[in-house]
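Per chain, numbering begins at 1; letters A, B, ... match sequence-line order.
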2 protein chains.
Amino acid sequence: MVAKAALDELEKILREAGVRITRPRRIILRILSEYDDHPDARAIFRRAVRVDESISLSTVYRTMNLLEDKGAIHRHSFQGGPSRFEHAPQNHHDHLIDVDTGNVIEFASDRIEKLQEEIARDLGYEIVHHRLELYGRKIKTGKGAKGR
Amino acid sequence: MVAKAALDELEKILREAGVRITRPRRIILRILSEYDDHPDARAIFRRAVRVDESISLSTVYRTMNLLEDKGAIHRHSFQGGPSRFEHAPQNHHDHLIDVDTGNVIEFASDRIEKLQEEIARDLGYEIVHHRLELYGRKIKTGKGAKGR
DNA sequence: GTGCAAATGCAAATCGTTAGCAACAAGCAT
DNA sequence: ATGCTTGTTGCTAACGATTTGCATTTGCAC
Ligand SMILES: [Mn+2]
Ligand SMILES: [Mn+2]
Ligand SMILES: [Zn+2]
Ligand SMILES: [Zn+2]
């Protein structure tokens, strides 16, 4: 189970932050570590409720804020929709969002990252963080009606 | 007045879109063409009210949607805050936001734009639009207490 | 001018998210 | 195990940004 390690890591972060490991938190951490996508608060909530009927959406939001605060997760605010989260990845990456399906594809480019820093430096700034999102449409490949 | 040309251009866009040139719209267009910054709806509203007491915030929002729709303005959703707008620039650019002051600095990089398209293409996508925002802090320059 | 569809102002509604608060439960001390 | 203290919870109300419904006004083509 690749998720087990991720879960342990998340719990460790909370434990070291000196906050209590409660039942709702445990459930949310598990969900987060199993998700491979970029769920929003409601999606996490829906899955949590299936485990514990009594969990509240407020707690999901509070827990996401807590985890973001501790650097355990990242929050993304893609075009329009609500905040979406992902377990903080070991290596930085940016996102390409399929405008037709909503699919999120991850990518990383050292060259772009370097250029960004260069640009900021030229302007007299150092980057604290950045946001790079590509919104695109699948290219129709001549052969076969591959385009949905 | 550099703004006059901008105003005429905005009015022309509306006229050609076949919508009525109303009093509130004229006021908002003028404000938009004079702004050099990236105002949000309330900021535009505040200035509009000074010209015509009876203008409503709803109309500002509706007008911004209309103009965005016609491609006359661009909407930006920077970190946290409300949508901010700018008269659609002739040449594309991205933004660097000063995390301390909130200042917005514009920049353009052909190399980054090219790399983005390359990346998308490699993933089988063509870019519809993108969002690149750098959030940074002014670099303290050894001499003089320039960094505030 | 007249008529009518389009646009307005106002208020109420929506959406994602946060805040207030009484009841509850982690986790350390007995 | 049993308390005790205090952080957490679930609930509901509040929030800020934006949209909507609707009766009233207004552009503007005739
Ligand atoms: Mn990701
Ligand atoms: Mn700009
Ligand atoms: Zn990046
Ligand atoms: Zn760009």
Exercise. Are the side chains of B:R131 and A:F78 in touch, meaning some heavy atoms are under 4.5 Å apart?
Worked result: no
Exercise. For DNA chain D, what residues of residues 20-27 of chain A have any heavy atom nearer than 4.0 Å?
Worked result: A:R20, A:T22, A:P24, A:R25
For this session: Mind checking the CZ-NE2 spacing from B:R84 to B:H95? Nearest 0.5 Å is all I need.
Result: 9.0 Å
For this session: Using a 4.0 Å heavy-atom cut-off across all strands, classify A:N65 as base, sugar-phosphate, or nothing.
Result: sugar-phosphate
Exercise. Between A:G18 and B:R15, who's closer to the 5' end of DNA chain D by nearest nucleotide?
Worked result: A:G18
Problem set entry | Integer-rounded Å distance: C:dA6 P and B:L14 CG | 16 Å
Which protein N or O atoms sit under 3.5 Å from an N or O of nucleotides 22-24 of chain C?
none

Problem set entry | Plane angle bin for A:H74 and A:H76 - parallel if under 30°, tilted between 30 and 60°, otherwise perpendicular | perpendicular
Exercise. Mind checking whether B:H92 and B:H129 have ring centres under 6.0 Å apart?
Worked result: no
For this session: Flag the pair A:E16 / A:K70 as yes when at least one side-chain heavy-atom distance between them is below 4.5 Å, and no otherwise.
Result: no
Problem set entry | Spatial distance of atom CG (B:D69) from atom CD1 (B:I13) [nearest 0.5 Å] | 12.0 Å
Exercise. With a 4.5 Å limit on heavy-atom distance, are the side chains of A:I127 and B:L96 in contact?
Worked result: no
Exercise. From A:T59 OG1 over to A:L66 CG, what is the distance, rounded to the nearest 0.5 angstrom?
Worked result: 11.5 Å
Exercise. Got a salt bridge between A:K114 and A:E118, using NZ or NE/NH1/NH2 to carboxylate O under 4.0 Å?
Worked result: no
Exercise. For DNA chain D, which residues in residues 48-64 of chain B have a heavy atom at a distance below 4.0 Å?
Worked result: B:S58, B:Y61, B:R62
Exercise. To the nearest angstrom, how far is A:R42 atom CZ from C:dG16 atom C1'?
Worked result: 9 Å
Problem set entry | Interatomic spacing from CD1 in A:I55 to CD1 in A:I44 - rounded to 0.5 Å | 11.0 Å
Problem set entry | OH on A:Y125 to CD1 on B:I97, rounded to 0.5 Å | 10.5 Å
For this session: Please tell me if the side chains of B:L32 and B:L67 come closer than 4.5 Å, counting only heavy atoms from C-beta onward.
Result: yes
Problem set entry | Bounds of contact between DNA chain D and chain B, in 5' to 3' order, using a heavy-atom cut-off under 4.0 Å | D:dA17 to D:dC28
For this session: Dump the intermediate steps for side chain to side chain contact (heavy atoms under 4.5 Å, CB included) on A:I112 and B:I119, then the final yes or no.
Result: CA-CA 10 Å; A:I112 286 188; B:I119 289 169; 3.6 Å; yes
For this session: List in numerical order all residues of residues 67-88 of chain B for which some heavy atom is under 4.0 Å away from an atom belonging to DNA chain C.
Result: none
Exercise. What are the two closest heavy atoms between A:A41 and A:F85, and how far apart are they?
Worked result: N-CE1, 4.0 Å
For this session: Please list, chain by chain and in numerical order, all residues satisfying side chain to side chain contact (heavy atoms under 4.5 Å, CB included) with B:H87, sequence neighbours excluded.
Result: B:A6, B:E9, B:L10
